[in-house]
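Read through the structure below, which is laid out as structure tokens, and then see the notes.
Numbered from 1 within each chain, the chains take letters A, B, ... in sequence-line order.
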Amino acid sequence: MHDIKFIRENPEAFDAGLKRRGLEVRSAELLAIDAERRRLMSEAQEIQARRNKAAKEIGAIKSKGGDASAIMAQVAADKEEEELKDAAAKILNLDLENALLEIPNLPASDVPDGKDETKNKLLRTSGEPPSFDFKPKAHDELGVGLGLMDFDAAAKLSGARFVVLKGALARLERALGAFMLNLHTGTNGYLEVNPPVLVKDTALYGTGQLPKFGDDLFRTEQGHWMIPTAEVPLTNLVSGEILDDAKLPIRMTALTNCFRSEAGAAGKDTRGMIRQHQFQKVELVSITTPEQSEEEHNRMLNCAEEVLKRLGLAYRVITLCTGDMGFSARKTYDIEVWLPAQNAYREISSCSNCGEFQALRMKARCRKAGEKTTRPVHTLNGSGLAVGRTLVAVLENYQQADGSIVVPEALKHYMGGLEVIKP
RNA sequence: GGAGAGAUGGCCGAGCGGCUGAAGGCGACGGUUUGCUAAACCGUUGUACGGGGUAAACCCGUACCGAGGGUUCGAAUCCCUCUCUCUCCGCCA
């Protein structure tokens, strides 16, 4: 959420940021509401101060057995007026908040401008796509061929966009999750967290999925929402807190299932495991001071890249342009892994710096020891990595002509020493 | 699911409808004392919003004692609703 004070002091910068996102300018409209609401608030407060004083006088007079009816009449009139102003101010406060909640974060100055993904900027590539002396198969063909990946069974149980993994592939997914978690909790220094995957509205408002994107989520009959990413519970862990600057950055990681309705993706990636309603993901979340967040963003990106390097997978990193960034982000790097069967790089991680945007929504602040003023923290999140898509990448990149899969060196230990997955 | 108890500041804990932003204790911070440590003593110690101040410091006002309503000239204190926590019973991975 945006700080109305910032908009008050920097209306042109605010509008310029919205324009870069391809949106209409809003500062004039917001500031008009703001001015009116502040006027009403201070008027109501003045009356309240008067009433508080009068109430004390009444108490004093009555305790001496005197007659306070004159003051009481005045107070009654004041009260009526105050209630009117209060009610009006309350409505405007809500109007303002609702408007602010629906406005996305402003892009950082170094984010490339552009309407859509065609304007994203390549940052670097790493590794060589493998060459095959046969036509590489798609991961779903490989998995089904091995008899260890079953979309029909999943459809029977749950419908489209689900999968059943068995045997060595089920284990491979577990191995990938464990491998990533070990890397991040070990050398990368993240704290492992096992959070709920069902959360309340407030958590989703905090990270920005609500109020605008409820359609992308699953909701239980009891009113819980299923998390679309562990970013939601992990980041909201600091909601409402005032953290000591010295304790930052806080780095957390979690392996969870993620649930997405894929409402807007009808017909997209219908084959295979690329786009599922339920998938596993290892998430990285950092909570930092405002000064630290940019450096932390790069660090996080490196942590995610390290997973692919150790798995020996080719990838590239791109900086998303203003038009392709998510709602809460001020800057985002995507990592795309090479998929031989698609002959293309496909997204496997997204690392975003949200600046103070989420912190303002969830009232997460920090403070230097000994200082009075609090500041909103900065929040960052990134996939490290999407486990399901990593499994897809391993299958396609490590496939052999006979349809068997070589287990990457880094995973052998997790696979109980298994070298090759074959039927 | 049934029955009961509770929710107060960083923590513990008191609180008659007005003198309570909130006693007391602990912790933390600053200081005095001290060869060092310990101890003792003194002081400070919430957040947000609005206004003032170029800004930091600071000053004024308002709100907040789980949340939201209500009663009252006046509510942490009375009433209603909700949420959460705890205990016991049942069920259960």
Side-chain angles (χ1 to χ4, degrees), chain A residues 1-10 30-101 194-206 220-225 233 236-248 250 256-257 290-291 356 359-377:
Chain A
M1 187 162 73
H2 295 283
D3 185 357
I4 187 65
K5 266 189 233 158
F6 171 85
I7 303 174
R8 220 181 278 155
E9 285 156 20
N10 309 279
L30 296 169
L31 290 178
I33 301 175
D34 178 51
E36 179 65 4
R37 103 183 215 279
R38 282 195 291 159
R39 204 202 87 223
L40 288 164
M41 276 169 69
S42 41
E43 286 174 8
Q45 281 187 9
E46 264 171 52
I47 300 171
Q48 179 71 46
R50 209 155 69 214
R51 275 181 57 210
N52 285 347
K53 229 175 245 166
K56 281 190 184 171
E57 284 170 37
I58 292 167
I61 292 170
K62 282 200 166 178
S63 69
K64 287 184 201 140
D67 173 21
S69 54
I71 306 184
M72 283 171 73
Q74 175 58 43
V75 167
D78 269 353
K79 187 176 179 179
E80 226 171 283
E81 192 186 346
E82 191 200 330
E83 273 168 3
L84 286 176
K85 294 193 189 270
D86 246 1
K90 217 174 208 174
I91 290 171
L92 289 177
N93 276 332
L94 275 179
D95 287 351
L96 184 63
E97 183 169 352
N98 288 336
L100 289 174
L101 279 172
N194 195 342
V197 296
L198 258 47
V199 297
K200 303 192 286 188
D201 302 25
T202 47
L204 289 155
Y205 275 96
T220 70
E221 299 224 0
Q222 289 76 359
H224 284 110
W225 301 82
N236 276 284
L237 240 24
V238 298
S239 72
E241 303 284 328
I242 299 176
L243 304 161
D244 185 344
D245 272 24
K247 291 210 177 111
L248 302 176
I250 294 171
T256 68
N257 276 306
E291 292 75 25
E356 61 181 29
L360 285 167
R361 292 175 156 249
M362 63 177 75
K363 298 183 177 53
R365 292 155 291 174
C366 63
R367 175 165 55 194
K368 264 199 199 86
E371 286 200 359
K372 279 203 106 163
T373 48
T374 62
R375 300 176 300 165
V377 296

For nucleotides 49-55 of chain B, which of its nitrogen or oxygen atoms have a protein nitrogen or oxygen under 3.5 Å away, and what is each distance?
from   : atom 1 : to       : atom 2 : distance (Å)
G50(B) : OP1    : Arg8(A)  : NH2    : 3.2
G51(B) : OP1    : Arg38(A) : NH1    : 2.6

Show each protein N/O and nucleotides 56-59 of chain B N/O combination with a separation under 3.5 Å, one pair to a line.
none

List, with names and distances, any nitrogen or oxygen atoms from the protein found under 3.5 Å away from nitrogen or oxygen atoms belonging to nucleotides 17-19 of chain B.
from   : atom 1 : to       : atom 2 : distance (Å)
G18(B) : N2     : Ala55(A) : O      : 2.8

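For Asp95(A), the side chain to side chain donor-acceptor pair (under 3.5 Å) criterion is met by no residue, not counting sequence neighbours. Ile33(A) is linked by a side chain to side chain contact (heavy atoms under 4.5 Å, CB included) to Leu92(A), Leu96(A), counting only residues two or more places apart in sequence or in another chain. Considering only residues two or more places apart in sequence or on other chains, Val197(A) meets the side chain to side chain contact (heavy atoms under 4.5 Å, CB included) condition with Ile227(A), Thr256(A), Phe259(A). With sequence neighbours excluded, no residue forms a side chain to side chain donor-acceptor pair (under 3.5 Å) with Asp3(A). In this structure Glu291(A) satisfies the side chain to side chain donor-acceptor pair (under 3.5 Å) test together with Thr289(A), Arg375(A), sequence neighbours excluded.
Side chain of Asp78(A) to backbone of Ile47(A): no donor-acceptor contact under 3.5 angstrom is found. Judged by distance alone, with hydrogens and angles left aside, the side-chain atoms of Asn98(A) form a donor-acceptor pair with the main-chain N or O of Leu94(A) at under 3.5 Å.
Residues Asp244(A) and Cys366(A) are not in side-chain contact: their nearest non-hydrogen atoms beyond the backbone lie 4.5 Å or more apart. Put simply, the side chain of Leu198(A) does not reach to within 4.5 Å of the side chain of Trp225(A), judged on heavy atoms. Side-chain atoms of Glu356(A) and Val377(A), non-hydrogen and from C-beta on, never get closer than 4.5 Å to each other. The side-chain heavy atoms of Arg365(A) and Leu243(A), taken from C-beta on, include no pair separated by under 4.5 Å. Looking only at side-chain heavy atoms (C-beta outward), Leu30(A) and Leu100(A) come within less than 4.5 Å of each other. Annotation: side chain of Met1(A) is not in contact with side chain of Met362(A) (no heavy-atom distance under 4.5 Å). Lys363(A) is not listed as a side-chain neighbour of Glu241(A), based on a closest heavy-atom distance of 4.5 Å or more.
Glu241(A) has its CD atom 18 Å from the P atom of G46(B), to the nearest Å. Atom pair Glu82(A):CD and G74(B):C1' shows a separation of 13 Å (rounding to whole Å applied). With rounding to whole Å, Leu360(A) atom CG is found 12 Å from A48(B) atom P. Between the CG atom of Asn93(A) and the C1' atom of A48(B) there is a distance of 12 Å, rounded to whole Å.
Annotation: U83(B) and A67(B) have their C1' atoms spaced 7 Å apart (nearest Å). Taking the C1' atoms as reference points, G61(B) lies 32 Å from C82(B), given to the whole Å. Comparing the same atom, C1', in U87(B) and in C29(B) gives a spacing of 39 Å after rounding to whole Å. Separating the C1' atom of C91(B) from that of C16(B) is a span of 46 Å, rounded to the nearest Å. Look at the P atom in both G68(B) and G15(B): the space between them is 25 Å, to the nearest Å. A distance of about 12 Å separates the P atoms of A22(B) and U44(B), rounded to the whole Å. The same atom, C1', is picked in C79(B) and in U71(B); the two are 7 Å apart, to the nearest Å. Annotation: G74(B) and C19(B) have their P atoms spaced 14 Å apart (nearest Å).
Using a 4.0 Å heavy-atom criterion, one finds that Lys90(A) contacts the sugar-phosphate atoms exclusively.
Listed by residue number, the members of residues 71-80 of chain A with any heavy atom below 4.0 angstrom from RNA chain B are Met72(A), Val75(A), Lys79(A).
In summary, Arg39(A) and Glu43(A) engage in a salt bridge, as defined by a charged side-chain N under 4.0 Å from a carboxylate O.
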For every nucleotide of nucleotides 80-85 of chain B, 5' to 3': is a protein heavy atom under 4.0 Å from its base (B), only from its sugar-phosphate (S), or from neither (-)?
------
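More than 12 heavy atoms of other residues, nucleotides or ligands lie within 6.0 Å of CD in Glu9(A), so this atom counts as buried by the packing criterion.
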Under the 3.5 Å Watson-Crick or G-U criterion, the dot-bracket string of RNA chain B, with | for inter-strand pairs
((((((((.[[[..)..(.....]]]((((((.......))))))(((((((.....))))))).[[[[[..)....]]]]])))))))....
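Considering only side-chain N and O atoms, Asn52(A) lies under 4.0 angstrom from the phosphate OP1 or OP2 of A63(B). Dashed line: the shortest gap from a side-chain N or O of Arg51(A) to OP1 or OP2 of G74(B) is under 4.0 Å.
Here the shortest heavy-atom pairing between Leu40(A) and Ala88(A) reads CD1-CB, 3.7 Å. Contact detail for Ala89(A) and Arg37(A): the closest heavy-atom pair is CB-O, 4.4 Å.
Pairs engaging residues 51-60 of chain A under the side chain to side chain donor-acceptor pair (under 3.5 Å) rule: Gln48(A)-Asn52(A), Arg51(A)-Glu82(A) [sequence neighbours left out].
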Evaluate His2(A) against Ile7(A) for side chain to side chain contact (heavy atoms under 4.5 Å, CB included), listing each step before the verdict.
CA-CA 8 Å; His2(A) 295 283; Ile7(A) 303 174; 4.0 Å; yes
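With the nearest nucleotide of RNA chain B identified for both Arg365(A) and Lys53(A), Arg365(A) has the one nearer the 5' end.
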